[in-house]
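For reference, the structure discussed in these notes is given below.
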Amino acid sequence: MGTPFKELAELCEKLEKTTKRTTMANLISSFLKKLKPDEIGPAVRLIIGRIFPAWSQETLEISWRTVIKIIKDLTGASNKDISEAFSKTGDPGDMAKILMEKRKRAKQTTLLQSPLIILDVHKYFLSIASAKGPGSKKKKESLLYGLLSRATPLETKYIVKDILGEMRHGVSEGLMEEAIAKASGASLEQTKRAHMLLGDLGDVAYIALTKGVQGLKEVKMRLFHPIKPMLAQPAENVKEALKEHGGKTAFEYKLDGARVQIHLKNGKVAIFSRRLTDVTQSLPDVVKLVLEEIKADEAVLEGEVIAIGEENKPLPFQHLMRRFHRVKDIEKMIKEIPVQLYLFDVLYLNGKTLIDEPYIKRWEYLEKIHGNIQLTPRIITSDPEEAQSFFEKAKSEGHEGLVAKRLDSNYTPGIRGKKWLKIKGILDTLDLVIVAADWGYGRRHEWLSDYYLAARDEKTGEFLVIGKTFKGLTDEEFKEITKRLLELKITEVGGTVYVKPEIVVEVAFDEIQRSPKYKSGFALRFARITRIREDKSPDEADTIERVREIYEKQFRSKAKINSL
Ligand code: ATP
C-alpha cells in the first residue's frame, strides 16, 4: 500500500497555516523522507501545484467548465451554491471543499472506493492527459469523475488546486529546494544546480533522495528536456547597465520576437518556447536551417525568432504568435509570415554543459558553430556614447532595445538577475494575469470586456488584483478572450466572471498608486493592455514585489522633481 493522498492534503493544510520558512521546509522534508521512490516525483509536483514535470509536454486538456460540471454532478450543487461558496472563500479549492462537505447527493459507496493513494491521483491525471482524439472529452470527464468521487472534501480541495495550478500555501520553488536539500543531506547549492540542469523539482527530489549527494553531483543537462530560460532585469539606460556591469559590457539587440531553445542531436532537432512548450512542428523552416547550418553533432542553442515583413523589417510580436503553436497549413504560414532566427547563446555542445562558462566564452563557441545563421547584433564597449548610439540604432531598425550581458556571467536557468539587463527606454509595463472579468455595456454587451488584472504574490502564490481595464484590445481580441475566459470560468457573482488564472497580458499604465480598494494595497492608474502574452505562463507574471519596486521608484523620482 502506498502513501495515502490524504497525508499530502494534510501536509498542504499545515503549510497553509504557517508562514515560517524553516517550519515549512521541515514539514515538507519529513514528509518526503517517508515516501517510496516512485512516489517522490509525483508528490513533490503535487505539493507545488504541478501535475507533470516542468519539461514535459503533457497537459490535462480539461476545461475548467468541465471541472465545475463534475463537482455539480457529484454534489448536486446549484449555480447559486457555487457562487456562495466561492464568495465565502475566494478560492476555488476551498469552494470545492465546502460543496463536497455540504453535498446534497449521497456519496455512492462501492467496493472500489478504497482511500486514494498518491500514485492513484498521479495515475488518474496521467490517464486524463493521455485520452486524446475522438471521444476523449467524455473519457477525460469520466476519469475525473472517478477520481473526485473517491476523494474526501479535503482531498478534493487539493486536487482542484492542482488542476488550477494555484496552491496559495506559499511553497515556492526555492522553498521546495530547501526541503529537498534538508531531506537528502545535500547542500542547497547542489540542489539548486541540479534543478537548473534538470528543470524539474520532482526529478531533483527523486535523485536526491534515492541517489544522494553523489547522484546530484552527477546530474547533467539532458538533450530534448528544455531548461528554463535565463531572464533579465530592467535597467533604465545604457549608463546604468555599464555601471552595474563594472564599466564594460556586451550590448545585444533586444529582438521583439519569441525566445527559442533549440536542442540538436545527430540530425534530430526540437525547438522549445519560453514556456518550454515543444513548438518544433510549427517551425519546420527553422529546423531545416539548424540542420543545414549548425556545425555540431550535439548542441543546445538559444535565440530569438522574429517575424519579418517587407525589406526584412521586423513585424510586431502578434504576427509571430500566429506562427507559433500552429500545426496546420504550415507551408502556407511559412509564406505568409516568414520568420528569422537570431542566435545569442549556446548552453551545451558535443557532450559538454556550458552553463558555467562565462558569457564571452559561450559566444566564442557560438561563433564557431553558427554557420550562416545570424548572430544577434552586439557590441562590447565601455563607452556610454557608443552604447547609446547602438541603442538608438536598434530602436530605429524596429527592435525593442538592448540586452546588456555581463562579460564574465554564467548562464543561470530560470533566474531573473542583474547579469542580464534589458534596456527598453520606455515606461515600465507589467505582465499581469486576468483573474476575473465583467460583462461589457452597449456595443460590448456580449463580451467580457473589463478585466481584473493581478500580480503574483511570491510568498503565498496568490494572484492579487491591482487594477481593472477595458482598454487596448481590438474587437477581434475581445471576442477571442471572451471565448477563452468562458472556458476558464470558475463562477459568476453579480456580473463578474471569476476565472482560472491563465491569460497573461502586458499592461501599460500611467502610475501605480497606494489604494485600499484592492487587497494588494496597490492600484494602477489608466491601465491599458498592450499585448496578449501567449508566450508567458501565469507563474511568469510580474510579482507584487515588482509592483512595489516600481511604486517606490516612481515615488523617489517624484520626490526628486518636487525638490528641484
Ligand atoms: P519583455 O516583457 O520585456 O519582453 P520578458 O519578461 O519576456 O521581457 P525578460 O527576461 O525581461 O523577459 O527579457 C528577456 C527576453 O527578451 C527573452 O525571453 C527573449 O525572448 C528576449 N530577447 C530578445 N533579444 C534578446 C537577447 N539578445 N538576449 C536575451 N533575450 C533576448
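For ligands, and for the atoms within them, numbers begin at 1 and follow the listed sequence. Note that the coordinates shown come from a computational prediction; the quantities given were computed from them, not determined experimentally.
When the heavy-atom distances from atom 12 (O) of ligand 1 to Arg531, Arg259, Arg274 are ranked, the shortest goes to Arg274. Residue nearest to atom 4 (O) of ligand 1, selected from Lys422, Lys254, Glu252: Lys254 (by heavy-atom distance).
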- Message: Go through it in stages, so that I can follow the logic: the residues are Glu392 and Ser389, the test is side-chain hydrogen bond (donor to acceptor under 3.5 Å, both in side chains), and I'd like the CA-CA distance, side-chain angles, deciding distance and then a yes or no.
- Response: CA-CA 5 Å; Glu392 277 152 25; Ser389 43; over 6 Å; no
- Task: Please lay out, stage by stage, how Leu264 and Lys268 fare under the test side-chain contact (heavy atoms from CB on, under 4.5 Å).
- Result: CA-CA 6 Å; Leu264 162 75; Lys268 184 178 167 220; over 6 Å; no
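For a threshold of 3.5 Å applied to N or O pairs, the pair formed by Glu506 and ligand 1 contains no separation below that value. Between Lys405 and ligand 1, an N or O atom pair is found at a separation short of 3.5 Å. The shortest N/O to N/O separation between Lys424 and ligand 1 falls below 3.5 Å. Taking distance alone, with nitrogen or oxygen atoms compared against 3.5 Å, Ala232 approaches ligand 1 more closely than that limit. By the 3.5 Å distance cut-off applied to N or O atoms, Leu255 is counted among the residues near ligand 1.
Heavy atoms from other residues, nucleotides or ligands lying under 6.0 Å from CD of Gln281 number 12 at most. No more than 12 heavy-atom neighbours from other residues, nucleotides or ligands sit within 6.0 angstrom of NZ on Lys361. Crowding of Asp329 atom CG: a count of heavy atoms from other residues, nucleotides or ligands under 6.0 Å exceeding 12. By the 6.0 Å contact criterion, CZ on Phe470 is open, its count of non-hydrogen atoms from other residues, nucleotides or ligands being 12 or less.
The proximity of Glu304 to ligand 1, defined as any non-hydrogen pair under 4.0 Å, is limited to the side chain. Counting heavy atoms closer than 4.0 Å to ligand 1, residue Leu231 contributes atoms from both its backbone and its side chain. If you look at Asp431 next to ligand 1, the close heavy atoms, those under 4.0 Å, all belong to the side chain. Neither the backbone nor the side chain of Gln233 comes within contact range of ligand 1; no heavy atom lies under 4.0 Å.
Residue Lys536 places a heavy atom under 4.0 Å from ligand 1. Residue Trp420 places a heavy atom less than 4.0 Å from ligand 1. Residue contact check for ligand 1: Glu540 places no non-hydrogen atom closer than 4.0 Å to it.
Protein heavy atom closest to atom 31 (C) of ligand 1, with residue, atom name and distance, is Phe344 CE2, 3.8 Å. With respect to atom 9 (P) of ligand 1, the closest heavy atom belonging to the protein is Arg416 NH1, 3.5 Å.
Distances below 4.0 Å separate heavy atoms of Thr376 from the following atoms of ligand 1: 27 (N). Applying the 4.0 Å criterion to heavy atoms of Tyr253 picks out, from ligand 1, the atoms 24 (N), 25 (C), 26 (C), 27 (N). Close approach of ligand 1 to Arg533 is summarised as follows: ligand atoms under 4.0 Å from at least one heavy atom of the residue are 1 (P), 2 (O), 4 (O), 7 (O).
For the atom pair NZ (Lys536) and CG (Asp542), the distance works out to 5.5 Å, reported to the nearest 0.5 Å.
When only modelled atom types and interatomic distance are considered, Thr543 and Glu458 share no side-chain donor-acceptor pair under 3.5 Å. Side-chain atoms of Asp475 and Trp447 include no donor-acceptor pair closer than 3.5 Å.
Checked against the 6.0 Å centroid threshold, Tyr342 and Tyr253 do not count as a close aromatic pair.
Residues Glu357 and Arg362 are not paired through a salt bridge, judged by the lack of any N-O separation under 4.0 Å between the basic side chain and the carboxylate.
With a 6.0 Å cutoff to the six-membered ring centre and a 45° limit on the axis angle, Lys405 counts as a cation-pi contact of Trp420.
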